[in-house]
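These figures come from a predicted structure and were not determined experimentally. Whatever order the structure lists ligands and atoms in, that order sets their numbers, starting from 1.
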Amino acid sequence: MKTDQYIHPDHYLLDELLTEEHKLIRDAARAWVKKEVSPIIDEHYENATFPNHILPGLGEIGAFGPYIPQEYGGAGLDQISYGLIMQELERCDSGLRSTASVQSSLVMYPIWKYGSEEQKQKFLPKLATGEMIGCFGLTEPDFGSNPSGMITNYKEDGDFLILNGAKMWISNAPFAEIAVVWAKNEEGRIHGLIVERGMEGFSTPEMHGKLSLRASSTGELIFDNVRVPKSNILPGRSGLGAPLSCLDSARYGIAWGALGAAMDCYDQALRYSKERIQFGVPIGAFQLVQKKLAEMITEITKAQFLTHRLGQLRDAGKATTAQISMAKRNNVEIALDIAREARQIHGGMGITSEYSIMRHMANLESVVTYEGTHDIHLLITGAEVTGIPAFTREKPSL
Ligand code: TGC
Ligand code: FAD
């Protein structure tokens with residue numbers, strides 16, 4: 001069995017900016033990943049399965065709701081700790097981080113921020129341990145980048161809401177016990193509902209054929225006249241801003257996570273460049289290989305600074321949507337570039353599962369698309385700096 005030899009790159013001594021607690025949390029997550037997940041991840045990736053037996057372990061390392069207060073079962077940690085945990089998970093596999101970030105930022109976060117006290121007590125402690133898994137339904141077959149057009153809707157019927165519609169591309173849907181679903185009421189206003197497995201008319205078929213993010217379970221959410229108790233509506237906020245605020249939290253975690261994948265690719269490429277001999281010398285002696293490594297560590301270092309500062313801003317409650325968006329876009333883009341270059345350094349070996357590079361590269365094709373595509377994030381920055389949103393334009397007459 002191959003051993004996970006990962007050592008994280010820290011060219012600018014950024015570890016000196018972390019507290020002892022940060023380092024303990026990160027090192028515990030890394031040790032757990034190396035012991036429990038690295039040995040099995042390739043098999044799950046090849047079989048397109050998520051290793052459900054690790055869910056309690058993810059709960060124990062604080063990966064589910066790290067920043068949720070302890071009174072609700074969370075770890076009560078700061079945002080940099082949250083980021084470091086996501087970095088360690090995605091360093092291994094983006095699917096692992098996806099499961100944790102959906103649970104933390106897209107399920108626990110909206111319940112914590114917008115749920116009633118009863119909903120918080122009922123769901124958050126079980127979600128924190130991994131005893132209960134949730135998913136988040138925003139995207140629909142015809143509304144991905146433009147969620148405001150969603151057609152999933154509900155009507156009131158006494159103490160119940162009658163929910164109809166469909167969501168697709170939903171991480172964790174096939175095995176989640178609850179879904180935080182965004183749907184329009186009779187006035188067209190978006191609200192969040194907690195839909196529970198077992199409610200009549202609610203089904204979660206798995207989506208097959210993914211060639212990316214294979215160690216993550218993705219499905220649809222189908223609502224056929226589902227009777228949801230009114231007590232399951234999130235009372236604290238309505239409108240598109242409610243789900244978008246959850247995306248801020250998840251995109252923040254992805255910025256750290258994608259950087260973890262980049263760091264893993266670089267670490268492997270550096271080691272390989274010193275071990276692989278061609279023309280009688282280690283390939284790392286060739287200037288063109290050094291150029292690749294030098295550019296990789298430069299981009300990683302810049303992204304580490306961006307991410308660390310974003311963590312500080314988030315802890316201070318000052319990070320804006322546009323700042324988070326920029327970090328998500330940049331870090332996924334550099335991770336994809338670094339994965340491709342690391343693959344080249346590995347020659348033919350780079351396409352095998354002996355190394356995690358090709359898996360990272362394929363995974364990152366999902367990461368660059370979900371939580372807002374690369375181009376949507378370019379437009380978010382464009383709108384921020386010009387003050388002119390360019391998301392919509394007049395329909396062309398065809
Ligand atoms: P826009 O007019 O900009 O905004 C609508 C309302 O929302 C408010 N708002 C926010 N509020 C809180 N936090 C934020 N970050 C907010 N951003 C906007 C805004 O002020 C406005 O409020 P009001 O009161 O005026 O109504 O909305 P738009 O329809 O023009 O859309 C803008 C756009 C395109 C940027 C947005 O729709 C977008 O981000 N689209 C991308 C969709 C997306 O990212 N989907 C992700 C689905 S979940 C997922 O992918 C999970 S993958 C998980 C995994 O496995 O890791
Ligand atoms: P589209 O919106 O159809 O975009 C297609 C192309 O058009 C893209 O290149 C896009 O950038 C471009 N485009 C669209 N609008 C514009 C514009 N205004 N200007 C310029 N270009 C534009 N969603 C959830 O709700 N919950 C989940 O848990 C979840 N998990 C996911 C897991 C995976 C593996 C994947 C792949 C997706 C997941 N998603 C989830 C959905 C994801 O958020 C969407 O795929 C994403 O938002 C893009 O939507 P779309 O796929 O419909 O692409």
If I apply the N/O under 3.5 Å rule, does [X] come out as touching ligand 2?
X: L379; value: no
X: L138; value: yes
X: T392; value: no
X: V102; value: no

salt_bridge([X], [Y]) N-O dist < 4.0 Å:
X: R271; Y: E275; value: no
X: R340; Y: E365; value: yes
X: E371; Y: R329; value: no
X: E140; Y: K167; value: yes

Counting from 1, what ligand 2 atoms have a heavy atom of [X] closer than 4.0 Å?
X: D375; answer: 11 (O)
X: F136; answer: 24 (C), 25 (O), 26 (N), 27 (C), 28 (O)
X: I170; answer: 24 (C), 25 (O), 26 (N), 27 (C), 28 (O)
X: F391; answer: 18 (N)
X: L213; answer: 34 (C)
X: Y370; answer: 31 (C), 32 (C), 33 (C), 35 (C), 37 (C), 38 (C), 42 (C), 43 (O)

Report yes or no: does [X] contribute a side-chain atom to a donor-acceptor pair with the main-chain N or O of [Y] at less than 3.5 Å?
X: S356; Y: R359; value: no
X: D10; Y: D15; value: yes
X: D78; Y: S81; value: yes
X: K230; Y: E156; value: no
X: E36; Y: V33; value: no
X: D337; Y: A335; value: no
X: S238; Y: H191; value: no

Should V367 and E90 count as side-chain neighbours, where that means a heavy-atom distance under 4.5 Å? yes
My question is simple, although I want it checked carefully: is [atom] less than 4.0 angstrom from any protein heavy atom?
atom: atom 6 (C) of ligand 2; result: no
atom: atom 33 (C) of ligand 2; result: yes
atom: atom 38 (C) of ligand 2; result: yes
atom: atom 3 (O) of ligand 2; result: no
atom: atom 51 (O) of ligand 2; result: no
atom: atom 26 (N) of ligand 2; result: yes

If you have a sec, work out which protein heavy atom is nearest [atom] and how many Å separate them, to one decimal?
atom: atom 49 (O) of ligand 2; answer: G144 CA, 3.3 Å
atom: atom 16 (C) of ligand 2; answer: I376 CD1, 4.0 Å
atom: atom 46 (C) of ligand 2; answer: T369 O, 3.5 Å
atom: atom 30 (N) of ligand 2; answer: W169 O, 2.6 Å
atom: atom 28 (O) of ligand 2; answer: S171 N, 2.9 Å
atom: atom 13 (N) of ligand 2; answer: S145 OG, 4.4 Å

Can you list the steps and then say if D4 with R91 is a salt bridge (charged side-chain N to carboxylate O under 4.0 Å, His left out)? CA-CA 11 Å; D4 182 345; R91 198 283 299 173; 2.7 Å; yes
Measure [X] to ligand 2 on non-hydrogen atoms and call it side chain, backbone, both or neither using the 4.0 Å cut-off.
X: E371; answer: backbone
X: T373; answer: side chain
X: S366; answer: side chain

Would you check if the distance from the ring center of Y272 to the ring center of Y355 is below 6.0 Å? yes
Relative to atom 43 (O) of ligand 2, which among V181, T139, L106 owns the nearest non-hydrogen atom? T139
Write none if no such pair exists; otherwise list each N/O atom of ligand 1 with its protein N/O partner under 3.5 Å and the distance.
unit_1	atom_1	unit_2	atom_2	d
ligand 1	7 (O)	G241	N	3.3
ligand 1	11 (N)	R237	NH2	3.4
ligand 1	15 (N)	D248	OD1	3.1
ligand 1	15 (N)	D248	OD2	3.1
ligand 1	15 (N)	T321	OG1	2.7
ligand 1	39 (O)	R251	NH2	3.0
ligand 1	40 (N)	S145	O	2.9
ligand 1	44 (O)	R251	NH2	2.8
ligand 1	44 (O)	G372	N	2.8
ligand 1	50 (O)	E371	N	2.9
ligand 1	55 (O)	S98	OG	2.8
ligand 1	55 (O)	S171	OG	2.8
ligand 1	56 (O)	R97	NH1	3.2
ligand 1	56 (O)	S98	OG	3.1
ligand 1	56 (O)	Y370	OH	3.4

Consider only side-chain N and O atoms of T301 and H11, and report whether a donor and an acceptor are under 3.5 Å apart. no
Side-chain donor-acceptor pair present, N164, N225, cut-off under 3.5 Å: yes
Whether F50 and F175 hold their rings parallel, tilted or perpendicular, with breakpoints at 30° and 60°: parallel
Please work out which of the three classes, parallel, tilted or perpendicular, describes the rings of F305 and Y12, given edges at 30° and 60°. perpendicular
Check for me whether R30 meets the cation-pi criterion with Y6, that is, NZ or CZ under 6.0 Å from the six-membered ring centre and within 45 degrees of the ring axis. no
